[in-house]
Amino acid sequence: MLLFATYLLRGKIKVLYLHSKEYKDKINRVFSIFAMSVRKDLRADNTYMFPSNEADNPKLGARLLSDGRESLFLDYYLGYKKDVSERTGKAVVKVDRKRESLKLYLWTAPRTAKEREQNRETLELAKKIRYEREQELKESMLGYRLGKDRVINFLDYFQSYMDNYTKKDIRMLQMALRRFKDFLRDTPAYCNYQNSIKPERVTREMVLAFTEYLKGRSRGDGAKTIYARFKKVVLHAVRQGVMPKNPCEGIVVKADDKALRKDVLSVEEIETLAATHCRNENPNVRRAFLFCCYAGLRYCDVKALTYKNVDYANRLLCFEQSKTKGHSVNSGVTIPLNDELLELIGQPAGGDRDGLIFPLPSNTMCLKALRHWVENAGIDKHITWHCARHSFAVNILNEGANIKTVASLLGHSGIAETEKYTRAVDSLKRAAIESLHRKRPDGQEQAKEK
């Protein structure tokens, strides 16, 4: 049977008359190659994704085959999962994805009305399957299914989101949920929603009132931090179709990132703390907090320190910052150790260098112990664990340390983050003003007054 085909070559139409069926695959490959060459969204693995909403999960895609067809598949996004790196043996968090082949095929370059009709019917079937898979996924992961008259409680959805959350800022997410529940309870206009609220009831007006509530209750950058976590959950709900629209859009909680808003301890107050003892005090909490005041560590970093991090011969402490590990080339920090810091560290029991230097209880218990300790010392300030890091930076700047040196000791990638501490150092401000040379009207410099 005589076969007929056309293809584009150098801008001209060429006609092939083939007298054997064995060349049918060659024709298909010609059209497949041509289709591949004109697709701008074709990826390196010869796949492309069909246009979809950002919230669609799974998404529909196709792989170009060499026989002139496209194999349809679904790509699932299943969140994050913990895994063990084969190279380092350490736990890592990876994106969990899955691909499902639908065993459905499209013609890459349909040449007849029948092939075009087949493509249309196959694509419609694939879209229906994708939608059904999405419903099954939401029912299994989130406990609900679109299309059913089932009431969704946004508070339960928030909790479900946290239950599957694997990042280290989960404490801030928990605080965001607590603050939102407190807001609903304390606000007369919304107190009826304190136990259950539909996602569509979380309106822009409610979010505006919530941000004002946060500003009135939180200290420092707390309102901005908590609101950022709240928005994270709301955006996820919008993407999953739980919320019809984003009520947080255009609402911003600003903070002066260059201002130091937490209280700091002076050198004298740190010495007062060191001289104050409490009944039934935890010696590890005491040692760890004083160490942070003199070395500038965060709670998460001091809690993870082992004796392997200490180079006793060279009197150095070397560790990776938990906050920036794997995200910044400056995550490694080296701190010189003086006699006082080495005394706080001590020696490993039985020579076990894998042991923790400061075996600390939970963050909540540490804060309770610190609050009681500060009260007994007669210090009228709101001191949290992170205040030790701020106190370290302010105090060494007050003693004349170079800002770049302070940035290096704190593990900052630049001095922009460190500059906020200079606002709290009055002596540096006075020195900067006194260093200016005032000019007389005749152009001669006036001698500085001592």
Side-chain angles (χ1 to χ4, degrees), residues 93 167-175 218-222 224-226 228-229 255 257 259-265 270 273 282 284-310 316-337 340-341 344-345 356-371 373-374 381-397 401 403 405-421 424:
V93 178
K167 295 185 179 179
K168 295 182 179 180
D169 62 340
I170 188 169
R171 281 198 313 111
M172 297 308 302
L173 274 176
Q174 294 168 346
M175 183 176 292
S218 304
R219 295 173 62 90
D221 294 339
K224 178 183 177 182
T225 304
I226 293 172
R229 299 320 189 278
D257 293 331
L260 182 62
R261 297 179 178 271
K262 289 184 178 292
D263 288 335
V264 297
L265 295 167
I270 295 174
L273 268 183
N282 187 324
N284 291 322
V285 173
R286 177 186 178 85
R287 287 192 307 123
F289 186 77
L290 289 175
F291 188 85
C292 290
C293 288
Y294 292 128
L297 272 70
R298 301 180 181 90
Y299 169 80
C300 57
D301 290 329
V302 75
K303 185 176 183 179
L305 285 182
T306 66
Y307 289 98
K308 277 187 175 180
N309 296 118
V310 183
L316 296 173
L317 177 70
C318 304
F319 66 96
E320 289 274 339
Q321 297 178 95
S322 177
K323 182 178 180 180
T324 59
K325 186 177 181 180
H327 303 286
S328 172
V329 295
N330 297 297
S331 61
V333 178
T334 300
I335 298 175
L337 300 173
E340 190 171 9
L341 291 175
L344 288 171
I345 291 174
L356 293 173
I357 298 176
F358 305 104
L360 297 174
S362 67
N363 182 265
T364 302
M365 294 302 296
C366 284
L367 288 176
K368 287 182 179 180
L370 178 59
R371 191 178 303 115
W373 185 16
V374 170
K381 290 182 178 179
H382 180 74
I383 301 299
T384 64
W385 200 281
H386 206 67
C387 292
R389 180 174 172 85
H390 295 321
S391 302
F392 165 78
V394 170
N395 288 331
I396 61 174
L397 279 171
I403 191 171
T405 302
V406 178
S408 176
L409 291 172
L410 293 175
H412 292 163
S413 57
I415 65 171
E417 180 69 16
T418 319
E419 286 177 344
K420 65 183 179 182
Y421 297 111

Looking only at heavy atoms, which two atoms of [X] and [Y] are closest? And how far apart?
X: V285; Y: A369; answer: CG1-CB, 4.1 Å
X: V333; Y: S408; answer: CG1-O, 4.1 Å
X: C300; Y: S322; answer: SG-CB, 4.0 Å
X: N395; Y: L265; answer: ND2-O, 3.1 Å
X: L370; Y: I383; answer: CD2-O, 3.9 Å
X: A401; Y: V406; answer: CB-CG2, 4.0 Å

Heavy-atom distance under 4.5 Å between the side chains of L409 and I396, does that happen here?
yes
Do L305 and L297 have side chains that approach each other closer than 4.5 Å (heavy atoms only, starting at C-beta)?
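When only atoms from C-beta onward are counted, L297 and L305 do touch, with a gap below 4.5 Å.
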Counting only heavy atoms not in K308, do more than 12 fall under 6.0 Å of its NZ?
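Result for NZ/K308: open.
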Show your reasoning for whether side-chain contact (heavy atoms from CB on, under 4.5 Å) applies to F319 and T306.
CA-CA 9 Å; F319 66 96; T306 66; over 6 Å; no
Hey, could you give me the [atom1]/[atom2] distance between [X] and [Y], rounded to the nearest 0.5 Å?
X: L341; Y: L316; atom1: CG; atom2: CG; value: 11.5 Å
X: L317; Y: L337; atom1: CG; atom2: CG; value: 5.5 Å
X: E320; Y: N309; atom1: CD; atom2: CG; value: 9.5 Å
X: L290; Y: L344; atom1: CG; atom2: CG; value: 6.0 Å
X: K167; Y: M172; atom1: NZ; atom2: CE; value: 15.0 Å
X: Q321; Y: H412; atom1: CD; atom2: NE2; value: 7.5 Å

Please check: side-chain N/O of [X] versus main-chain N/O of [Y], any donor-acceptor pairing under 3.5 Å?
X: R389; Y: L410; result: yes
X: D301; Y: G296; result: no
X: D263; Y: H382; result: yes

Taking only residues at least two apart or on different chains, which pairs with a member in residues 286-297 satisfy salt bridge (Lys or Arg N to Asp or Glu O under 4.0 Å)?
E281-R286
Per the ring pair (Phe, Tyr, Trp, His ring centres under 6.0 Å) rule, which among W385, F392, Y294 passes with F289?
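Going through the options one by one, the only one that passes is W385.
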My understanding is that only residues two or more places apart in sequence, or in another chain, count here; which of them pass ring pair (Phe, Tyr, Trp, His ring centres under 6.0 Å) with Y307?
none
Assess the residue pair L360 and Y299 against the criterion (side-chain contact (heavy atoms from CB on, under 4.5 Å)); give the C-alpha distance rounded to whole Å, side-chain angles, the decisive distance to 0.1 Å, and a yes or no.
CA-CA 10 Å; L360 297 174; Y299 169 80; 3.9 Å; yes
